[in-house]
Amino acid sequence: MLTLTAIRTQTQEIIERLAKRGIDRTADIQQILILDESKRAKQTLLEQNLAKGNVLAKEIGDLFKSGNKAGADEKKIESVELKEAAKVLETELTELDNQLTQKLYEIPNAPAAKVAYGKTPEENETVYEWGVDPVLPANAKPHWELTSQYDIIDFELGNKITGAGFPVYKGKGARLQRALINFFLDEAIKAGYYEVQPPILVNEASGYGTGQLPDKEGQMYHDKTDNLYLIPTAEVPITNIYRDVILKEEELPIRNVGYTPCFRREAGSYGAHVRGLNRLHQFDKVEIVQIAHPTQSYEILESMLEHVKMLMTKLGLKFRILRLCGGDMGFASAMTYDFEAWSGAQQRWLEVSSVSNFETFQANRLKCRYKTKDGKNELAHTLNGSALALPRIVASLLENNQTETGINLPECLHPYLGFTSI
RNA sequence: GGAGAAAUGGCAGAGCGGUUGAAUGCGGCAGUCUUGAAAACUGUUUUAGUGUAAGCUAACGGGGGUUCGAAUCCCUCUUUCUCCGCCA
């Protein structure tokens with residue numbers, strides 16, 4: 001969530017930045033300011049009351065010690081009255097605080113300066129493009145036909161075991177998954193990321209920490225017996241490592257990479273665009289996460305883009321990078337770049353990575369801070385990106401590299417695969 | 001899953017109803033001494049809110065209660081440890 005300090009001190013700027021999402025939040029911001037003010041006034045009253053009570057309690061203690069029981073009893077009555085007044089004030093304060101928090105939770109992050117105004121994906125800006133159109137055989141097939149032709153991914157079998165969106169990877173298909181995961185992890189480690197293997201079920205506090213809750217409650221699989229959520233991305237457990245943590249300034253930036261399966265309910269999706277590997281309920285992803293100093297976070301965002309670019313280039317997939325417009329960005333993001341791979345057989349772009357800077361939006365909820373040289377605690381910036389998500393990479397690799405006689409896989413994967421084509 | 005014990009500052013560890021926001025030790029930081037370092041000595045060392053500031057308020061795993069007053073008593077949840085059971 002946005003910090004109250006920012007809302008208080010840069011009110012107009014925040015409103016203008018939010019407008020880039022195509023929404024006018026002026027009224028909400030005004031309401032937050034009013035709530036904040038009355039909350040602080042109430043708090044002052046309560047604290048004055050408590051201070052009086054503390055003095056009184058001390059006096060009563062002293063009277064008891066000196067044996068003046070009558071005097072103590074007299075003061076006790078006064079103390080009880082104070083306490084009752086405090087209780088009322090406390091209830092009012094809690095109510096104001098809840099309203100304020102609720103309001104703050106509802107406001108999305110303020111887009112960064114570079115982000116364009118806009119409401120729809122059509123308004124995203126293409127900032128980079130690489131690669132050439134793949135040369136395909138005349139009878140080029142979409143990946144869902146290739147996977148069954150070569151018997152490497154079995155959607156039907158997944159339906160039987162679990163349901164739609166849970167494919168079974170078989171033989172070379174399974175080995176391709178494993179190769180990609182290892183390739184992505186190794187490349188990240190080479191680039192200086194520290195590998196972690198986090199839990200894939202998280203508690204409620206973690207869901208709130210990265211902003212999936214209360215926002216996207218319905219998107220996550222939820223185990224109600226133990227109140228745990230299946231992660232929609234490794235961003236959740238990895239970023240939550242740094243919840244309630246005060247880092248040393250010189251520790252920044254922290255760079256983590258982790259592979260996890262990801263689970264998304266994707267309620268309400270349908271149609272050809274979700275066919276095959278295009279949208280799954282369970283998929284694999286290698287995620288890079290950084291905790292950064294505020295002055296460096298945009299530089300770091302660029303370096304993360306470079307890393308993903310390098311992966312795409314090595315895989316030899318034609319791709320483009322979009323800087324999302326305000327309206328197409330996620331709730332918690334201040335700036336997001338999407339990578340899209342060109343899918344030759346489907347003749348469309350497939351989103352394969354999303355790299356974002358959240359500035360202090362997540363850190364504020366997480367209470368992820370660093371200590372400055374002069375001993376002050378400041379909120380860190382958090383960033384993350386897919387490097388990379390597997391299914392659409394697999395789809396593009398299969399479709400773009402198909403020939404009459406088989407599918408040739410890129411050289412960078414050969415050492416990991418133990419074979420070169422399917 | 002059963003039985004028992006515990007949770008205090010960066011760490012270790014006192015306190016078990018009334019200047020205890022918290023002894024003591026270690027660590028960290030600053031200083032004295034030294035050419036420099038070590039040692040020794042001295043000082044300092046949680047966080048959040050509010051306020052120009054002094055200050056005030058809150059926090060001893062989380063939540064609730066008893067009391068004029070709670071780190072200290074009670075309830076509850078969570079976590080950890082020991083023993084037993086089960087098990088990749």
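Side chains included, hydrogens not; waters and symmetry mates left out as well; all remaining heavy atoms used. In what follows, chains are A, B, ... by sequence order, proteins preceding strands, each numbered from 1.
- A salt bridge is absent between A:Lys87 and A:Glu84: the closest approach of a Lys/Arg side-chain nitrogen to an acidic carboxylate oxygen does not fall below 4.0 angstrom.
- Note: CG (A:Leu45) to P (B:C56) measures 18 Å, nearest angstrom.
- Note on A:Asn377: only backbone sugar-phosphate atoms sit closer than 4.0 angstrom, heavy atoms only; bases stay farther off.
- Within 4.0 Å (heavy atoms only), A:Leu50 reaches sugar-phosphate atoms of the nucleic acid but no base atom.
- Here A:Asn54 lies in heavy-atom contact (under 4.0 Å) with sugar-phosphate atoms only.
- Summary of the strand contacts: A:Ile60 and A:Arg369 both lie near RNA chain B, and taking for each the nucleotide with the nearest heavy atom, the more 5' one is attributed to A:Arg369.
- Between the CD atom of A:Glu59 and the P atom of B:U67 there is a distance of 21 Å, rounded to whole Å.
- Taking the C1' atoms as reference points, B:G9 lies 14 Å from B:G61, given to the whole Å.
- Within the structure, a side-chain polar atom (N or O) of A:Arg40 is placed less than 4.0 Å from OP1 or OP2 of B:G51.
- For A:Phe64, the side-chain atoms get nearest to B:C68 when compared with the rest of B:A48, B:C68, B:U46.
- The listed nucleotides are B:U57, B:G18, B:U47; the one nearest the side chain of A:Ala51 is B:U57.
- OP1 or OP2 of B:U50 has not a single side-chain nitrogen or oxygen of A:Lys42 nearer than 4.0 Å.
- Nucleotides B:A54 and B:G18 place their C1' atoms 26 Å apart, quoted to the nearest Å.
- Each of A:Lys371 and A:Lys52 has a nearest nucleotide on RNA chain B; the 5'-most of these lies closest to A:Lys371.
- Across all strands, A:Lys376 comes closer than 4.0 Å to no nucleic acid atom at all (heavy-atom distances).
- In this structure, A:Lys103 pairs ionically with A:Glu106, as a charged nitrogen and a carboxylate oxygen lie closer than 4.0 Å.
- Across the C1' atoms, B:A71 and B:G21 are found 10 Å apart, a figure rounded to whole Å.
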Dot-bracket for RNA chain B, please, read 5' to 3', with Watson-Crick or G-U wobble pairs under 3.5 Å on both distances, ( ) within the strand, [ ] crossing, | other strand, . unpaired.
((((((((.[[[..)..(.....]]]((((((.......))))))(((((....))))).[[[[[..)....]]]]])))))))....

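- Here B:A59 presents its C1' atom at 14 Å from CD1 of A:Ile246, a figure rounded to the nearest Å.
- In this structure, a donor-acceptor pair under 3.5 Å is present between the side chains of A:Glu47 and A:Gln43.
- Computed from coordinates, the A:Asn364 CG to B:A48 C1' distance equals 13 Å when rounded to whole Å.
- A:Glu156 has no carboxylate O lying under 4.0 Å from a charged side-chain N of A:Lys160, or vice versa, which leaves the two without a salt bridge.
- A salt bridge is defined here as a Lys NZ or Arg NE, NH1 or NH2 lying under 4.0 Å from an Asp or Glu carboxylate O, and A:Lys248 with A:Glu250 fails to meet this definition.
- Looking at the side chain of A:Gln43, the nearest of the listed nucleotides B:G69, B:G49, B:U50 is B:G49.
- Counted by atom type alone, A:Glu123 and A:Tyr117 present zero donor-acceptor pairs between their side chains at under 3.5 Å.
- In this structure the side chain of A:Met220 never reaches within 4.5 angstrom of the side chain of A:Phe263, judged on heavy atoms.
- Rounded to a whole angstrom, the distance from the C1' atom of B:A70 to that of B:A58 is 14 Å.
- Remark: the separation of the C1' atoms in B:G62 and B:U8 is 15 Å, to the nearest Å.
- Spacing between B:G15 and B:U24 at atom P, rounded to whole Å, works out to 15 Å.
- Note that A:Lys172 lies outside the cation-pi zone of A:Tyr150, set by a 6.0 Å cut-off to the ring centre and a 45° limit from the axis.
- With rounding to whole Å, A:Lys58 atom NZ is found 19 Å from B:G17 atom P.
- Relative to the side chain of A:Thr44, the nucleotides B:U50, B:G49, B:U46 differ in distance, and B:U50 lies closest.
- Side-chain N/O atoms of A:Glu399 and A:Gln346 include a donor and acceptor closer than 3.5 Å.
- Distances shorter than 4.0 Å separate some side-chain N or O of A:Arg8 from OP1 or OP2 on B:U50.
- Between the CG atom of A:Leu46 and the C1' atom of B:G49 there is a distance of 12 Å, rounded to whole Å.
- Atom-to-atom, CG of A:Asp226 to C1' of B:C77 comes out at 14 Å; the value is rounded to the nearest Å.
- Residues of residues 74-93 of chain A that place a heavy atom closer than 4.0 Å to RNA chain B, in numerical order, are A:Lys76, A:Ser79, A:Val80, A:Lys83.
- Donor-acceptor pairing under 3.5 Å is recorded for the side chains of A:Asn256 and A:Tyr242.
- Rounded to a whole angstrom, the distance from the P atom of B:G2 to that of B:U76 is 15 Å.
- If you take atom P in B:A5 and the same atom in B:C56, they sit 41 Å apart, rounded to whole Å.
- In this structure, A:Asp36 pairs ionically with A:Arg40, as a charged nitrogen and a carboxylate oxygen lie closer than 4.0 Å.
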